[in-house]
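Counting starts at 1 for both ligands and their atoms, in listed order.
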Amino acid sequence: MVQTEYLKADEPGFARAAALLRSGLCVAFPTETVYGLGADASNATAVARIYEAKKRPSFNPLIAHFESAEAAFGQGRFNDDAMKLASAFWPGPLTLIVPMAANGTVCDLARAGLNSVGVRVPSHPAAINILRRTGTPIVAPSANRSGRVSATSAAHVQEDLNGRISAVLDGGETDVGVESTIVDCTGPEPRLLRPGGIPNDEIEAVLGRPLGHRPPPSATPLSPGMLTSHYAPEADVRLNAVSVMQGEAALLFGTQAMLGLDKALVCENLSLSGNLNEAASRLFSSLRRLDSSGAKTIAIAPIPRVGLGEAINDRLERAAAERS
Ligand code: TXA
Ligand code: MG
């Protein structure tokens with residue numbers, strides 16, 4: 001057990017976060033998508049602390065975060081597609097998987113031994129501030145225990161990781177709410193590994209052609225976001241629910257009715273106006289609140305598969321998957 005320091009997003013808070021990171025410790029901080037659990041990417045001892053705090057299976061590689069695209073370009077080999085995507089969407093919720101540069105400093109453990117590296121330039125001012133001060137790539141998986149719902153506030157981070165990490169910097173609730181979109185640019189055709197904060201059609205518009213498909217789930221997991229059960233609350237999850245059963249928690253979307261709503265133990269709406277961006281930003285905090293009601297099942301209304309609806313459905317399907 002360590003004492004987890006609570007840091008504010010002010011000058012002393014940023015300075016302390018950067019100092020802890022430089023000394024090889026783990027600090028959680030906000031990005032525009034979800035809170036990340038950061039460590040110095042070049043320091044294997046620091047990276048090991050992340051795996052330990054999260055209880056993360058070590059075959060899952062981590063994303064390295066940079067203060068600028070120029071800093072990220074030094075760590076990998078970017079083909080034309082990768083360059084196009086980087087200039088269109090960085091800073092922002094896009095992660096590119098690229099072949100590692102010969103002189104790259106993201107350590108083996110952070111890459112889980114792969115010869116590629118996941119890189120991203122976040123747009124959150126607190127994240128950029130910390131990255132500037134540390135001056136080294138910072139790997140940061142979502143700041144939750146492995147397999148659980150991602151954290152979108154400092155309080156969520158504390159719920160999962162208090163006593164297991166050195167500090168959490170509180171930058172309020174995150175904006176996007178689902179993790180970055182991951183595109184694999186290691187081959188001739190860019191492939192989508194994980195839908196996320198940038199809708200697929202926006203990526204395809206920049207590429208000028210459709211994205212390749214994800215490999216089948218039986219293949220070696222390139223991405224834990226691709227593990228079947230992930231992002232899971234304690235309660236069971238029932239998708240595309242049109243009615244509620246006695247004692248279930250209900251998660252609605254828009255003005256779609258759910259039959260038997262009066263039988264629900266608790267109920268929330270992801271976005272009354274049917275706005276998918278708002279729904280994404282509220283997804284993980286709603287799941288955590290409904291979960292804490294003690295309901296055994298969360299019934300979730302159908303969510304349209306357009307825009308960020310794709311990432312929302314992806315996370316919900318994993319939350320609903322058979323657990324090991
Ligand atoms: O929005 C986000 O991406 C957040 C914030 C904190 O930046 N981070 C995040 O990290 O979601 P994490 O560790 O929960 O998910 C990272 C994903 C994993 O699915 C991992 O397998 C994949 O990125 N990944 C990282 N490096 C990879 C590589 N070299 N090849 C394939 N997948 C990789
Ligand atoms: Mg995660």
Would you say Ser142 reaches the Mg ion (ligand 2) with an N/O/S atom under 2.8 Å?
->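 An N, O or S atom of Ser142 is closer than 2.8 Å to the Mg ion (ligand 2), so yes.
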Side-chain ion pair, [X] and [Y], N-O less than 4.0 Å:
{"X": "Arg238", "Y": "Glu248", "result": "yes"}
{"X": "Glu67", "Y": "Arg132", "result": "yes"}
{"X": "Arg194", "Y": "Glu179", "result": "no"}

Within a distance under 4.0 Å of any heavy atom of [X], pick out the atoms of ligand 1 and give their elements.
{"X": "Ala140", "answer": "6 (C), 8 (N), 10 (O)"}
{"X": "His65", "answer": "5 (C), 7 (O)"}
{"X": "Gly36", "answer": "6 (C)"}
{"X": "Leu114", "answer": "28 (C), 29 (N), 30 (N)"}
{"X": "Ser180", "answer": "1 (O), 2 (C), 3 (O)"}
{"X": "Leu62", "answer": "25 (C), 26 (N)"}

Can you find a non-hydrogen atom of Pro93 under 4.0 Å from ligand 1? no
- prompt: Between Ser153 and Glu173, do the side chains contain an N or O donor and an N or O acceptor separated by less than 3.5 Å?
  reply: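 Absent: no donor and acceptor within the cut-off.
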* Asked: Can you find a side-chain donor-acceptor pair between Thr33 and Arg120 that sits under 3.5 Å?
  -> yes
Problem set entry | Min N/O separation Thr31 to ligand 1 under 3.5 Å | no
Tyr35 N/O to ligand 1 N/O under 3.5 Å: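 No; every N/O pair is 3.5 Å or more apart.
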With sequence neighbours left out, the residues meeting ring pair (Phe, Tyr, Trp, His ring centres under 6.0 Å) with Phe14 are none
Note: heavy atom closest to atom 33 (C) of ligand 1, options Ala112, Ser150, Pro61, Ser142, belongs to Pro61
Of Leu37, Ile97, Ile50, the residue with the heavy atom nearest atom 28 (C) of ligand 1 is Ile97
Evaluate side chain to side chain contact (heavy atoms under 4.5 Å, CB included) for Leu94 paired with Ser180, printing each intermediate quantity in order.
-> CA-CA 5 Å; Leu94 173 72; Ser180 59; 5.7 Å; no
Proximity of Phe73 and Phe78 rings by center, below 6.0 Å:
yes
Heavy-atom distances under 4.0 Å are what count here, so tell me which part of [X] touches ligand 1: side chain, backbone, both or neither.
{"X": "Arg194", "result": "side chain"}
{"X": "Ile182", "result": "side chain"}
{"X": "Asn60", "result": "neither"}

Sorted by chain and residue number, the side chain to side chain donor-acceptor pair (under 3.5 Å) partners of Thr105 (sequence neighbours excluded) come out as Gln75
